Asks: 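I have a structure I would like to understand better, so I am pasting it below and will then ask my questions one at a time.
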Protein chains: 2
Amino acid sequence: MAPLPAKPTMKDRILETADRLFYLQGIRAVGVDTIAAEIGISKRTLYNHFPSKDALISAYLARRFVAPRPSDKSPVEQILGTFDSLERRFSAKDFRGCPFVNAVAELGDDRSVRKVAVAFKESRRLWFRDLLVQLGVAEADALSTQLALLVDGSIAQDLVRNDPAMARAAKDAATVLLKNAGVKIGRNTADKRAARKRKS
Amino acid sequence: MAPLPAKPTMKDRILETADRLFYLQGIRAVGVDTIAAEIGISKRTLYNHFPSKDALISAYLARRFVAPRPSDKSPVEQILGTFDSLERRFSAKDFRGCPFVNAVAELGDDRSVRKVAVAFKESRRLWFRDLLVQLGVAEADALSTQLALLVDGSIAQDLVRNDPAMARAAKDAATVLLKNAGVKIGRNTADKRAARKRKS
DNA sequence: GCCAAATTACACAGATCTGTGTACCTATTT
DNA sequence: AAATAGGTACACAGATCTGTGTAATTTGGC
């Protein structure tokens, strides 16, 4: 309730730093010493807040699990807007793919990691599905899965290629899929580049 | 020239084992001792064939870089067939995502790894593009990128969800995209489940 | 200013990992 | 039978990593 952004807790500082390093360099690649040194605290302090590196990893993934906030935009705008914000994130030089996919890739069959990763993917698919239901799409379930594929596909491609255009490609494909499902894409909901093209 | 599959070289045995372990458990997660022990050779022998673990990693990735072999099937069958074989691979319990994406995810900004990963992704996109050109698709470049997104998206989703149905979803989306580009999908090129449904 | 809690410095245990050095062994070839 | 190549056993160096123990010190609340 106190909106003062004043002092971040020590625990928060540790978590924020661990998040950044884990995400950018990989979980196995970053040791607890490195994290402590980065903040300028002693390793002992870190272990006073997190009992083990595993606990830190769990907290890292939990922190990354943010539900999409409700929006007053139209469902179509929200769906297609997803790809616009993806493109923005791809353009940032500190983007390194999906933290959940990366964690599963490097931590393998770790139960808890897989579990939270699945939950995250499913929560985003359900977000898509809800919007599609609002649009009256009959096969909302199947289409939401396909949209999720496009999201993760563009993320994986950008991870290796470092090419934000992958988000546009995904958006274009998503537009086709939506139209095919009977969704009307209004002029204003379409992206600006295409709109400019149309007018010229 | 000798088609005898008789004796695999020691180097091949090392590489084959490293491949399996790196892929299934992650590159950082597998030590050279583990690889040597798995084969039942001494660590010294391993280092007599590969000067360093890095060299072994490079060889592993190079080995995974297989170009799709030419086929006499129709372009549409080849494109859609890609998703069928993906589904088959997803169903195998030793499937653990794309080795190149995984390697980039866990090894981070390693130059050489990124390079080979980009080359692999691009080679597959060009394979798609070539087939689309054969089909007379105007926007073969854009569409090939979108198909590649679907491939990588289904791989990423299957990696976390362990659900081969992701391949079907990708195939369905790909079919829509192809039709939208003016490609005729014949009865026989469509998947069997849909065909059965149609007849009933 | 005092007290309790948080933080620090730092050494250290124990595991694991990459890579090397060396002496010995065991095939195959000539 | 001798020589050569390849493999083995095994110890070890040196780095790195997780996690702990402890005593001293700083910090914030009262």
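Residue numbers begin at 1 in each chain, while the letters A, B, ... track the order of the sequences. Because only heavy atoms are used, hydrogens play no part in the values below, and waters and symmetry mates are left out as well, while side chains stay in. If you're wondering where the values come from, they're calculated on a predicted model, not measured in any experiment.
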Asks: Using the ring of each side chain (for Trp, its six-membered ring), is A/F83 parallel, tilted or perpendicular to A/F128, with breaks at 30° and 60°?
Replies: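 It falls in the parallel class, under 30°.
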Asks: Using whole Å, report how far CD1 of A/I41 lies from P of C/dT8.
Replies: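 It is 6 Å, rounded to the nearest whole Å.
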Asks: Output yes when at least one side-chain N/O atom of B/H49 is less than 4.0 Å from OP1 or OP2 of D/dG6, else no.
Replies: no
Asks: Using the side chain to side chain contact (heavy atoms under 4.5 Å, CB included) rule, pick out the option among B/V76, B/D141, B/L143 that qualifies with B/L132.
Replies: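 Exactly one candidate clears the test, B/L143.
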Asks: How long is the line joining CZ of A/R44 and P of D/dA24, in whole Å?
Replies: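 Computing the A/R44:CZ to D/dA24:P distance gives 16 Å.
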Asks: Rounded to whole Å, how long is the line connecting atom OH of A/Y47 with atom P of C/dC10?
Replies: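 Interatomic distance, OH of A/Y47 to P of C/dC10: 19 Å.
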Asks: Output yes when B/D152 and B/K121 qualify as a salt bridge under the 4.0 Å nitrogen-oxygen rule, no when they do not.
Replies: yes
Asks: Could you state the CD-P distance from B/Q25 to C/dT16, rounded to the nearest angstrom?
Replies: 14 Å
Asks: Below 3.5 Å, does any donor atom in the side chain of B/K53 face an acceptor in the base of C/dG19, or the other way round?
Replies: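 Flag unset: no donor-acceptor pair detected.
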Asks: Considering non-hydrogen atoms only, spot the tightest contact between B/R96 and A/G108 and give its length.
Replies: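 What the structure gives for the nearest pair is NH1-CA, 3.3 Å.
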Asks: Please report the distance, rounded to the nearest Å, between CG in B/N48 and P in C/dG19.
Replies: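 Going from CG in B/N48 over to P in C/dG19 covers 14 Å.
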Asks: Does A/T45 put a side-chain nitrogen or oxygen below 4.0 Å from OP1 or OP2 of C/dT8?
Replies: yes
Asks: Which comes earlier along DNA chain C counting from the 5' end, the contact point of A/G40 or that of B/K43, where each point is its nearest nucleotide?
Replies: A/G40
Asks: Round to the nearest Å and state the distance from A/F50 atom CZ to C/dT7 atom P.
Replies: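 After rounding, the reported distance stands at 12 Å.
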Asks: Rounded to whole Å, please give me the gap between CG in B/D33 and P in C/dT20.
Replies: 14 Å
Asks: From CD1 of A/I27 over to P of D/dC17, roughly how many Å is that when rounded to an integer?
Replies: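 Going from CD1 in A/I27 over to P in D/dC17 covers 15 Å.
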